[in-house]
Amino acid sequence: MKILMVCLGNICRSPLAEGVMRHLVEEQGLDWQIASAGTGDWHINEPADRRSIAIAKKHGYDISKQRARHFNADHFDAFDKILVMDQQNQKDVLRQADEVHQREKVMLFLPDDLEVTDPYFDDKLFEPVFLQIEARCKQIIEELKKES
């Protein structure tokens with residue numbers, strides 16, 4: 001299983017999701033590849049936001065070595081699932097999909113059309129966003145294990 005987490009700049013939400021998911025699948029001994037990317041290109045090769053790094057570390061996850069990358073159409077072939085943090089990310093990703101099977105790989109990270117709030121402009125949002133991401137990563141793992 002190859003999963004790509006996607007947000008806007010690839011410095012807040014998707015690096016958290018990548019780091020948490022990677023840690024959890026390694027703990028369970030699953031042979032999955034986890035990565036993340038952003039629909040915007042202004043943070044390429046930068047580390048995650050210092051607040052994301054700090055909140056992850058507080059909860060026992062290390063995302064300090066991750067570097068931002070830009071989503072591109074090649075990711076459709078490289079990944080089985082592309083999980084986006086909000087509806088705008090979803091639109092931006094789907095805009096690059098040329099084929100139905102590519103579009104079918106793209107889904108919102110949260111169920112029921114819910115979005116992961118972007119915490120970038122409010123320091124107080126990093127804790128609840130982290131907790132939401134961590135809980136959902138655990139659910140996704142269980143869901144995908146049942147599918148395979």
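By convention here, the first residue in the shown sequence is residue 1.
With Asp77 contributing its side chain and Asp74 its backbone, the two residues share no donor-acceptor pair below 3.5 Å. A distance-only check finds no donor-acceptor pair linking the side chain of Gln87 to the backbone of Glu115 [under 3.5 Å]. Judged purely by atom type and a 3.5 angstrom limit, Gln96 uses its side chain to pair as donor or acceptor with the backbone of Ala73. A donor-acceptor contact shorter than 3.5 Å links the side chain of Gln66 to the backbone of Pro15. Although no hydrogens or angles enter the test, the distance criterion places no donor-acceptor pair under 3.5 Å between the side chain of His43 and the main chain of Arg69. With Asp86 contributing its side chain and Val116 its backbone, the two residues share no donor-acceptor pair below 3.5 Å.
One hydrophobic cluster, built from ILVMFWY side chains closer than 4.5 Å, holds both Ile53 and Ile55. Residues Val20 and Leu114 share a single hydrophobic cluster, defined by chaining ILVMFWY side chains whose heavy atoms lie under 4.5 Å apart. Connection of Phe109 to Ile3 is established within a shared hydrophobic cluster, with ILVMFWY side chains joined at heavy-atom distances below 4.5 Å, either directly or through further cluster members. Cluster membership for Val106 and Met5, using ILVMFWY side-chain heavy atoms within less than 4.5 angstrom, is not shared. Hydrophobic cluster membership is shared by Val129 and Leu110, with clusters built from Ile, Leu, Val, Met, Phe, Trp and Tyr side chains linked at under 4.5 angstrom.
To the nearest 0.5 Å, atom CD1 of residue Ile11 and atom CZ of residue Arg50 are 10.5 Å apart. In this structure, Ile140 CD1 and Lys138 NZ are separated by 13.0 Å, a value rounded to the nearest 0.5 Å. The CD1 atom of Ile34 lies 12.0 Å from the NZ atom of Lys81; values are rounded to the nearest 0.5 Å. Going from atom CD of Glu142 over to atom CG of Leu144 covers 9.5 Å, rounded to the nearest 0.5 Å. Interatomic distance, Gln28 CD to Ile141 CD1, rounded to the nearest 0.5 Å: 5.0 Å. Rounding to the nearest 0.5 angstrom, the gap separating the CD atom in Gln90 from the CD atom in Gln88 is 10.0 Å.
For the pair Glu143 and Arg136, the salt-bridge criterion is met [side-chain N within less than 4.0 Å of a carboxylate O]. Ion pairing between Asp49 and Arg51 holds under the 4.0 Å rule for side-chain N and carboxylate O.
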Would you sort out whether Asn89 and Phe71 count as a side chain to side chain contact (heavy atoms under 4.5 Å, CB included), showing the intermediate values?
-> CA-CA 10 Å; Asn89 302 148; Phe71 181 85; over 6 Å; no

Would you sort out whether Phe76 and Asp98 count as a side chain to side chain contact (heavy atoms under 4.5 Å, CB included), showing the intermediate values?
-> CA-CA 10 Å; Phe76 290 115; Asp98 292 328; over 6 Å; no

Tell me, with the steps shown, if Leu8 and Arg13 meet side chain to side chain contact (heavy atoms under 4.5 Å, CB included).
-> CA-CA 8 Å; Leu8 181 60; Arg13 297 169 291 173; 4.1 Å; yes

Check the pair Ile63, Arg22 against side chain to side chain contact (heavy atoms under 4.5 Å, CB included), reporting the backbone distance first and the verdict last.
-> CA-CA 10 Å; Ile63 65 169; Arg22 180 180 289 130; over 6 Å; no

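Of the candidates Cys7, Ser36, Ser52, Leu16 forms a side chain to side chain contact (heavy atoms under 4.5 Å, CB included) with just one, namely Ser52.
When all heavy atoms of His101 and Glu99 are compared, the pair lying nearest together is CE1-OE1, 2.7 Å. Between Arg67 and Ser64, the shortest heavy-atom contact is NH1-O, 3.0 Å. The two residues Lys145 and Leu30 have their closest heavy-atom pair at CD-CD1, 4.0 Å. Taking all atoms of both residues into account, the shortest heavy-atom contact from Ala68 to Gly9 is CB-O, 4.0 Å. Shown here for Ile133 and Ala17, the closest heavy-atom pair between the two residues is CG2-CA, 3.5 Å.
Arg103 pairs by the side chain to side chain contact (heavy atoms under 4.5 Å, CB included) definition with Leu94, Ala97, not counting sequence neighbours.
Pairs passing the ring pair (Phe, Tyr, Trp, His ring centres under 6.0 Å) check and including a residue from residues 113-148, sequence neighbours excluded, read His59-Phe130, Tyr61-Phe130.
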